[in-house]
Amino acid sequence: MPHDDRVDFLEALPKKQKAQILRILAQNERDDILRLASYEEGTAGAIMTSEYAVVTPDLSVKDALAKVRYEAPDKETIYYVYVVDAERRLAGITTLKDLVLALPKRPVRDVMWDATVTVQVDEDQEEVAQKIEKYDLIAVPVLDGAGRLVGIVTHDDALDVLVEEVNEDADLFVGIAGDHDVNRYLRTGPIDHFRKRIGWLVGLLLLGLASGFVMRQFAGLLDHFVILTLFMPMIAATGGNAGGQSTSVILRALSTKEIRPRDFGRVFLKELRVALLLGLVLGTVAVGNFFIVAGSAAEHVQASVPLVAACVAIALCLQVVTSTLIGASFPILATRLGFDAAVVAGPAITTFVDITGLLIYFNVARTLLGI
């Protein structure tokens, strides 16, 4: 098995069975497994492999090819050939293609280039995967604190990390905690699924009680203008959709490192301009919706019909603006405070936007209708 895969396999076994297998392995294989297993979960060391091709810079191209050819059956990839000195410090990188095309008597140092993209052994695995994706690499070398080559992370392992992170963010976005292994749904019992989901749902249910308090405060307004209740779902849904779009865009930009928490001001101003344009268009559409939905009931409104339509349009416009800004701000602020942006950006924003939407709607109606 590939070195990194057999470590994962043994780590998944019960301790007693793992110990039995380790005892019957050759000493060098056992030492390699224990070394790779010693790195902290979620780091480059935990996903790297020790199967890579190395040569020294003073070797001739002919001898380097002979060495790679001899060692190739035991290596995960040989396209990249890593050049190290006597202390295994990384001196440069060459490729199998470069070696094949070079003159046999040339030294390896003449056909290598500097290793401009490397990672540290304790670097976060998601950042490692993003580097491989950004620079279109087959593998990236992993160095320790002294600059020594200790392993490589290959593109297939990087893909696994990216898929894992996407699944984790997707679960957190809807308030599902715990293990995020995409292949464990059927193997996970109902009680475990219940535990992962119940926490956020209870918390959001309690937070959602605020909506009831808001409506109670404006019960008199609804008694006089029952028609306003027809547009509450529309305003809440539109605000949630606008906030969700903004959140999705910002989360993607944060995950790709296109923006960072220090860019909060620029992001806020940009989303404000977008939100104002969206609000103006959707507020205009809301006026037409008012007369379509209200229908003949508009004749019994205890106020000017255009004035009530204006309440709906203005409230919707303001709701879109505030929801968009909330959706953009929460992930950035969460990242700055050290929280997982996906956790804060999912269910919490939806509930918060619902509450602010009711406050905006009722206050606009009370102001314009004089109640």
Side-chain angles (χ1 to χ4, degrees), residues 2-4 35-36 39-40 42-65 67-69 71-72 75-166 252-263:
H3 291 202
D4 52 340
R35 181 177 65 84
L36 292 177
Y39 295 107
E40 184 179 351
T43 64
I47 61 172
M48 72 181 185
T49 180
S50 54
E51 299 175 286
Y52 52 90
V54 294
V55 295
T56 55
D58 55 337
L59 274 181
S60 67
V61 168
K62 178 181 178 181
D63 291 340
L65 279 172
K67 184 176 186 296
V68 172
R69 186 181 301 109
E71 297 177 351
K75 305 304 178 185
E76 185 166 346
T77 178
I78 59 169
Y79 184 77
Y80 290 152
V81 179
Y82 300 94
V83 185
V84 298
D85 61 20
E87 297 181 359
R88 293 194 68 82
R89 286 192 296 264
L90 185 62
I93 300 175
T94 187
T95 67
L96 189 59
K97 178 182 177 181
D98 292 333
L99 293 175
V100 169
L101 295 178
L103 295 174
K105 293 183 179 180
R106 291 186 67 185
V108 169
R109 64 168 53 90
D110 288 351
V111 294
M112 74 178 191
W113 67 87
D114 292 336
T116 54
V117 182
T118 62
V119 298
Q120 294 298 307
V121 71
D122 57 352
E123 193 168 332
D124 184 85
Q125 64 177 15
E126 187 175 3
E127 295 180 1
V128 175
Q130 287 171 350
K131 284 186 178 180
I132 292 177
E133 178 190 32
K134 179 179 180 180
Y135 297 106
D136 295 325
L137 302 174
I138 295 176
V140 65
V142 182
L143 310 180
D144 64 10
R148 291 186 294 264
L149 182 64
V150 293
I152 64 170
V153 176
T154 55
H155 67 284
D156 56 325
D157 293 317
L159 179 60
D160 290 340
V161 169
L162 292 175
V163 170
E164 179 184 337
E165 295 293 339
V166 168
R252 184 163 60 248
L254 283 170
S255 65
T256 59
K257 301 296 187 294
E258 182 183 355
I259 63 172
R260 298 180 184 276
R262 63 172 178 267
D263 299 317

With sequence neighbours left out, what residues match [X] under side-chain hydrogen bond (donor to acceptor under 3.5 Å, both in side chains)?
{"X": "E87", "value": "R89"}
{"X": "K75", "value": "none"}
{"X": "Y82", "value": "none"}
{"X": "E133", "value": "none"}

Practice task
Could you list the residues that satisfy side chain to side chain contact (heavy atoms under 4.5 Å, CB included) with E40, not counting sequence neighbours?
Solution key: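 Applying side chain to side chain contact (heavy atoms under 4.5 Å, CB included) to E40 gives T43.
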Problem - All pairs passing salt bridge (Lys or Arg N to Asp or Glu O under 4.0 Å) where residues 151-162 contributes a residue, at least two apart - result: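 Residue pairs passing salt bridge (Lys or Arg N to Asp or Glu O under 4.0 Å), neighbours aside: none found.
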Practice task
Not counting sequence neighbours, list each pair that qualifies as a salt bridge (Lys or Arg N to Asp or Glu O under 4.0 Å) and has a residue in residues 137-150.
Solution key: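 Checked against salt bridge (Lys or Arg N to Asp or Glu O under 4.0 Å) - neighbours excluded - the pairs reaching residues 137-150 are D144-R148.
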Problem - For E71, all residues meeting salt bridge (charged side-chain N to carboxylate O under 4.0 Å, His left out), sequence neighbours excluded - result: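 Checked E71 against salt bridge (charged side-chain N to carboxylate O under 4.0 Å, His left out); matches are K67.
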Problem - With K134 via salt bridge (charged side-chain N to carboxylate O under 4.0 Å, His left out) - residues at least two apart - result: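 Per chain and number, K134 pairs via salt bridge (charged side-chain N to carboxylate O under 4.0 Å, His left out) with no residue.
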Name each donor-acceptor pair under 3.5 Å that joins a side chain in residues 136-143 to protein atoms two or more places apart or in another chain, with its distance.
none

Please tabulate, one pair per line, all N/O donor-acceptor pairs under 3.5 Å involving side-chain atoms of residues 97-110, not counting sequence neighbours.
residue: D98; atom: OD2; partner: T95; partner atom: OG1; Å: 3.0
residue: R106; atom: NH2; partner: D110; partner atom: O; Å: 3.3

What side-chain donor-acceptor pairs closer than 3.5 Å can you find for residues 113-120, not counting sequence neighbours?
none

Practice task
First locate atom CD1 of I152, then atom OG1 of T154, and finally report the distance between them rounded to the nearest 0.5 Å.
Solution key: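 The distance works out to 6.0 Å.
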